Engineer: 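Before I ask anything, let me first share the structure, which is written out below as structure tokens.
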Amino acid sequence: MCGRVTAERAGQGIRVAGWVHRRRNLGGLYFIDLRDHGGLLQVSVSPDTCPPELVELVRDLNPEDVIQVEGAVAMRPREARNPAMATGEVEVAAAKIKRITESEPLPILVYQPPEEDLPSEELRLRHRILDLRRPEMQHNLRLRHRSAQAVRRSLADEGFVEIETPLLTRQTPEGARDYLVPSRVHKGRFFALPQSPQLYKQLLMCSGFDRYFQIVKCLRDEDLRADRQPEFTQIDIEMAFVGQEDVFRVAEKMFAAVWEEGAGEDLATPFTRITHADAMEFYGSDRPDLRIPWRIADFTDLLSGRGFGILDGAVSAGGRVRGVVAKDGASLSRKRIAHYDELAREHGAKGALWMKRNPDGWSGPPARIVDDELAARLEHETGIEPGDLVWLMAGPDHLILPALGALRLASARELGAVDKSESRWAWITEFPLFLPDEETGSPVPAQHPFTMPLDPDPERLRDDPLSVKAVAYDVVCNGMEFASGSIRCHLSETQRAILSTMGLNDEEIEARFGFLLEAFRYGAPPHGGFAAGFDRMIAVMAGAESIRDVIAFPKTAAARGLMERSPSLVSADELEELGIDTSKAEADPPPAG
RNA sequence: GGGGCUGUAGCUCAGCCUGGUUAGAGUGCCGGUCUGUCACACCGGAGGUCGCGGGUUCGAAUCCCGUCAGCCCCGCCA
């Protein structure tokens, strides 16, 4: 209401209610910026036209008092109009003001003084009610609402049915730690809160609901990050009688609908498709930021065998020489290059080699092997130009590609090579079905164990499992993973081969997945789907650094609720009833602040 | 589990490296002046466990150790 009062209403009576945002006193003449969900509206109180009691009341008002104003919408004097304000041409000349509730002095200000940082995140979370009143947070959560509506519209149009699945469930085969809920009726037994509705949605496919979706909370008891909360929201989708193409079409339509609603951006569909192997080879990441035009290239033929020991040694040991040309990277200082060398080490490489193409020649450790012929080939075959730098690494691909990917990303950001004019979306396809366990080397499923292999041959699954690709895919936007999914395996012989490759015996299989396998025995339709990270999507559209800024009541990095002070101790009686002994528990932390 | 940054007035910060008057600024709050402001302006005032504990020192916001909290990253986690 407040934000939508325009000149058309001039001369009309009006009654508005809201919070006192700011108040200005010009010696009897008062101005109040009244705020509600729609914005700000100026209320004027003049001693010339208002009774003394009204002026007296306004004199007493505090920021964040809730008031109701009756008066007339009036055009402001021409010279007193404020073009920076949506309602800056008008004001309400107050005839009557009622103070509905009074605010105590504020621990943090709702009004944000320009050129001042926000209050600390700790205080914003502790006083979340006040923080949420800020227009930015209002905008974020309303954006979230509209996006959820767009998801529901898009999917309902495609015949999807929204079905809720249990919160109190049993431990599922996913890899994260579970939040557990003790059972009072069954002492010593626990429900698990779902890490995702994965199994339930597959059961629903077997139940004849051929198109299911849910905007659903998922819970994982793992350490947090700016983009990770213990409870987060997924758009969970599953479809029966479909292949990858059907899933892609529905997903692209849904993302396009959300982006149109929330970002006002018309997404180019279908999305680019990149196989997992290509993503690793050309971008050094399974979630490449395609806004950066640089690609990793193979420099083995160009640079090996020319007497540069590090390169020659790595190649004769079976490795490759790969590199990425950083446009304008010759401007990087020694100090910055040392920083990137450190970054490469952090990502598992032995370090970063580099060469600069200076206006007057080549520099950097391998520059001594660059003769005229090689210089010409480098410029011709890799596109390197004066002013550029090339990052080089030599060794086995699984070590050098992720490190090159990290250098590509970090140096592109520093050199301004990220094209931020539009978002860049892609499907990453053909993920490996298994990955080698880091310690034992034995195959562990890269996704969940019910993923369809691209090649369903049981023999290959047993003999060479690490070579098998999966019909599994991610949606990547600007270098962030937004969604992940797969076509599920509905072939019993293939499924058995996968499970036995995982090293599970029949008993373990039955204990962990019995209820899903049972469902598969009575006529399982082919099916597949995906789950999208709703919080991350909203954070990107809102321009938020952290998903905390698009969640009404988030937890801290230590998984604590500062406002409600969770988690908390509970009474001994209650624990007794649940059969739980907390003698090893830490004492309740002191109330901060 | 590991690494880093931060913690000083209600709020945002300076001061800390290089220890030494009474710990400052802006804003908010309180009082006053001001009739067209919109970061109103101007004058005055109150407001401090320098996160907490210990140590070094004649002397600690400042140096050292520990600890708590918030944030970021690695590990972990679809």
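Both backbone and side-chain heavy atoms feed into the values below; hydrogens, waters and symmetry mates do not. Labels below follow one simple rule: chain letters A, B, ... track the order of the sequence lines, proteins then strands, and each chain is numbered from 1. Everything numeric here is computed off the predicted structure, so don't read it as measured data.
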Engineer: Between atom CZ in A/Arg565 and atom C1' in B/C68, what is the gap in whole Å?
Structural biologist: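 After rounding, the reported distance stands at 15 Å.
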
Engineer: What is the distance, rounded to the nearest whole Å, between atom OH of A/Tyr473 and atom C1' of B/A78?
Structural biologist: 14 Å

Engineer: I'd like the P distance from B/U18 over to B/U6, given in whole Å.
Structural biologist: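 My reading of the P atoms in B/U6 and B/U18 gives 16 Å.
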
Engineer: Under 4.0 Å, heavy atoms only, any strand: does A/Leu40 hit a base, just the sugar-phosphate, or nothing?
Structural biologist: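 Since no nucleic acid heavy atom lies under 4.0 Å of A/Leu40, the category is nothing.
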
Engineer: When we call it a touch if two heavy atoms are under 4.0 Å apart, what does A/Pro47 touch: a base, just sugar-phosphate, or nothing?
Structural biologist: base

Engineer: Expressed as a whole number of angstroms, how long is the span from A/Leu435:CG to B/C76:C1'?
Structural biologist: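 Whole-Å distance recorded here is 16 Å.
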
Engineer: Using the P atom as the reference point in each nucleotide, state the distance between B/C50 and B/G24 in Å, no decimals.
Structural biologist: 14 Å

Engineer: Write down the distance separating the P atoms in B/C38 and B/U21, rounded off to the nearest Å.
Structural biologist: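 It comes out at 42 Å once rounded to the nearest Å.
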
Engineer: Taking for each residue the nucleotide of RNA chain B with the nearest heavy atom, is it A/Arg59 or A/Glu222 whose nucleotide lies nearer the 5' end?
Structural biologist: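 Its nucleotide being nearer the 5' end, the pick is A/Arg59.
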
Engineer: What contact category does A/Asp223 fall into here, base, sugar-phosphate, or nothing, at under 4.0 angstrom with non-hydrogen atoms?
Structural biologist: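 Result for A/Asp223 = base.
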
Engineer: In whole angstroms, how far is the P atom of B/U35 from the CG atom of A/Asn25?
Structural biologist: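 Going from CG in A/Asn25 over to P in B/U35 covers 9 Å.
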
Engineer: Between B/G70, B/C76, B/A78, which one does the side chain of A/Arg177 approach most closely?
Structural biologist: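 Nucleotide nearest to A/Arg177's side chain: B/C76.
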
Engineer: Distance alone, cut at 3.5 Å: any donor-acceptor contact between the side chains of A/Arg144 and A/Thr233?
Structural biologist: yes

Engineer: Can you tell me if the side-chain N/O atoms of A/Arg22 get under 4.0 Å from OP1 or OP2 in B/C38?
Structural biologist: no

Engineer: Any chance the side chains of A/Glu414 and A/Tyr340 put a donor and an acceptor closer than 3.5 Å?
Structural biologist: yes

Engineer: In plain terms, say whether A/Asp33 and A/Arg24 are close enough for a salt bridge, that is, a side-chain N and a carboxylate O under 4.0 Å apart.
Structural biologist: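 Looking at A/Arg24 together with A/Asp33, the answer is yes, because their closest N to O distance falls below 4.0 Å.
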
Engineer: Is it the case that the side chains of A/Tyr212 and A/Asp236 hold a donor-acceptor pair, with the cut-off being a distance below 3.5 Å and no angle test?
Structural biologist: yes

Engineer: Do A/Gln234 and A/Ser196 meet the criterion of a side-chain donor-acceptor pair at a distance under 3.5 Å?
Structural biologist: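 The criterion, which ignores hydrogens and geometry beyond distance, is not satisfied for A/Ser196 and A/Gln234.
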
Engineer: Separation of A/Gln229 atom CD from B/C77 atom P, in whole Å?
Structural biologist: 19 Å

Engineer: Between B/C40 atom C1' and A/Leu26 atom CG, what is the distance in whole Å?
Structural biologist: 6 Å

Engineer: When you get a sec, tell me which of B/U12, B/C71, B/C77 is the closest nucleotide to the side chain of A/Asp117?
Structural biologist: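 Closest of the options to the side chain of A/Asp117: B/U12.
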
Engineer: In chain order, what residues pass the side chain to side chain donor-acceptor pair (under 3.5 Å) check against A/Ser484, with sequence neighbours excluded?
Structural biologist: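 Only A/Asp474 meet the side chain to side chain donor-acceptor pair (under 3.5 Å) criterion with A/Ser484.
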
Engineer: Between A/Lys555 (NZ) and B/A69 (P), how many Å, whole number?
Structural biologist: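 The answer, rounded to whole Å, is 16 Å.
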
Engineer: Which one is paired to B/C42, where only Watson-Crick or G-U wobble pairs with both distances under 3.5 angstrom count?
Structural biologist: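 Because both required distances fall under 3.5 Å, B/C42 counts as paired with B/G32.
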
Engineer: Can you figure out which of B/G26, B/C71, B/A69 approaches the side chain of A/Ala557 most closely?
Structural biologist: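 Of B/G26, B/C71, B/A69, B/C71 is nearest to the side chain of A/Ala557.
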
Engineer: Among B/A39, B/C11, B/C77, which nucleotide has an atom closest to any side-chain atom of A/Tyr111?
Structural biologist: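 Ranking B/A39, B/C11, B/C77 by closest atom to the A/Tyr111 side chain puts B/A39 first.
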
Engineer: Less than 4.0 angstrom between a side-chain N/O of A/Arg24 and OP1 or OP2 of B/U37, yes or no?
Structural biologist: no

Engineer: From C-beta outward on A/Glu121, which listed nucleotide comes closest to its side chain: B/C71, B/G36, B/G10?
Structural biologist: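 Of the candidates, B/C71 comes closest.
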
Engineer: Checking all strands, does A/Gln234 fall into the base, sugar-phosphate, or nothing category for heavy-atom contacts under 4.0 angstrom?
Structural biologist: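 Contact class for A/Gln234: sugar-phosphate only.
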
Engineer: Yes or no on side-chain contact (heavy atoms from CB on, under 4.5 Å) for A/Phe450 and A/Gln198, after CA distance, side-chain angles and deciding distance?
Structural biologist: CA-CA 10 Å; A/Phe450 301 100; A/Gln198 180 63 39; over 6 Å; no

Engineer: Say we look at B/U57 and B/C73: how far apart would their P atoms be, to the nearest angstrom?
Structural biologist: 42 Å

Engineer: Distance check, C1' atoms only: B/A60 and B/A46, in whole angstrom units.
Structural biologist: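 These two C1' atoms come out 28 Å apart once rounded.
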
Engineer: For B/U37, give its Watson-Crick or G-U wobble partner with both distances under 3.5 Å, or none.
Structural biologist: none

Engineer: Give the nucleotide from the list B/U12, B/A78, B/A69 with an atom nearest to the side chain of A/Arg220.
Structural biologist: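 Of the candidates, B/A78 comes closest.
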
Engineer: Closest to the A/Ala558 side chain: B/C11, B/A39, B/G70?
Structural biologist: B/G70

Engineer: Scan residues 74-82 of chain A against RNA chain B and write down, sorted by residue number, each residue with any heavy atom closer than 4.0 Å; if none is found, say none.
Structural biologist: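 Only A/Arg76, A/Pro77, A/Ala80, A/Arg81, A/Asn82 qualify.
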
Engineer: Could you work out the separation of B/C63 and B/A14 based on their P atoms and round it to a whole Å?
Structural biologist: 15 Å

Engineer: Any side-chain N or O of A/Arg35 less than 4.0 Å from the OP1 or OP2 oxygen of B/C38?
Structural biologist: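 Looking at the OP1 and OP2 atoms of B/C38, neither is under 4.0 Å from any side-chain N or O of A/Arg35.
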
Engineer: Base, sugar-phosphate, or nothing: which does A/Asp221 touch, judged by heavy atoms less than 4.0 Å apart?
Structural biologist: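 It contacts nothing in the nucleic acid.
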
Engineer: Checking all strands, does A/Ala84 fall into the base, sugar-phosphate, or nothing category for heavy-atom contacts under 4.0 angstrom?
Structural biologist: nothing

Engineer: Classify A/Tyr30 by what it touches in the nucleic acid, base, sugar-phosphate, or nothing, heavy-atom distance under 4.0 Å.
Structural biologist: nothing

Engineer: Is the A/Trp259 to A/Phe271 ring centre distance short of 6.0 Å?
Structural biologist: no

Engineer: Identify, between A/Leu562 and A/His347, the residue whose nearest nucleotide on RNA chain B lies closer to the 5' end.
Structural biologist: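 Result of the comparison: A/Leu562.
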
Engineer: Check every strand shown and say whether A/Thr556 touches a base, only sugar-phosphate, or nothing at a heavy-atom separation below 4.0 Å.
Structural biologist: sugar-phosphate

Engineer: For A/Trp427 and A/Glu252, test the side chains for any donor-to-acceptor distance below 3.5 angstrom and give the result as yes or no.
Structural biologist: yes

Engineer: Choosing from B/C29, B/C71, B/C77, which nucleotide comes nearest the side chain of A/Pro63?
Structural biologist: B/C29

Engineer: Going by purine N1 to pyrimidine N3 plus the second Watson-Crick contact, or the G-U wobble pair, all under 3.5 Å, which nucleotide sits opposite B/C5?
Structural biologist: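 Because both required distances fall under 3.5 Å, B/C5 counts as paired with B/G70.
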
Engineer: A/Leu499 pairs by side chain to side chain contact (heavy atoms under 4.5 Å, CB included) with which of A/Cys489, A/Pro449, A/Pro445?
Structural biologist: A/Pro449

Engineer: Determine the Euclidean distance between corresponding P atoms of B/G51 and B/G15; express it in Å to zero decimal places.
Structural biologist: 15 Å

Engineer: Taking atom types as they are modelled, would you say the side chain of A/Glu115 forms a donor-acceptor pair with the base of B/U12 within the 3.5 Å cutoff?
Structural biologist: no

Engineer: OP1 or OP2 of B/C11 sitting under 4.0 Å from any side-chain N/O of A/Arg124?
Structural biologist: no

Engineer: Taking any strand in view, what nucleotide pairs with B/U27 in a Watson-Crick or G-U wobble way, both distances under 3.5 Å?
Structural biologist: B/G10

Engineer: Considering only the P atoms, how many Å lie between B/A69 and B/C30, rounded to the nearest integer?
Structural biologist: 35 Å

Engineer: Is a side-chain donor or acceptor of A/Arg536 paired with a backbone partner of A/Ile547 at a separation under 3.5 angstrom?
Structural biologist: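 Not confirmed, A/Arg536 side chain does not pair with A/Ile547 backbone.
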
Engineer: In whole angstrom, give the distance that lies between atom CD of A/Gln195 and atom P of B/C76.
Structural biologist: 16 Å

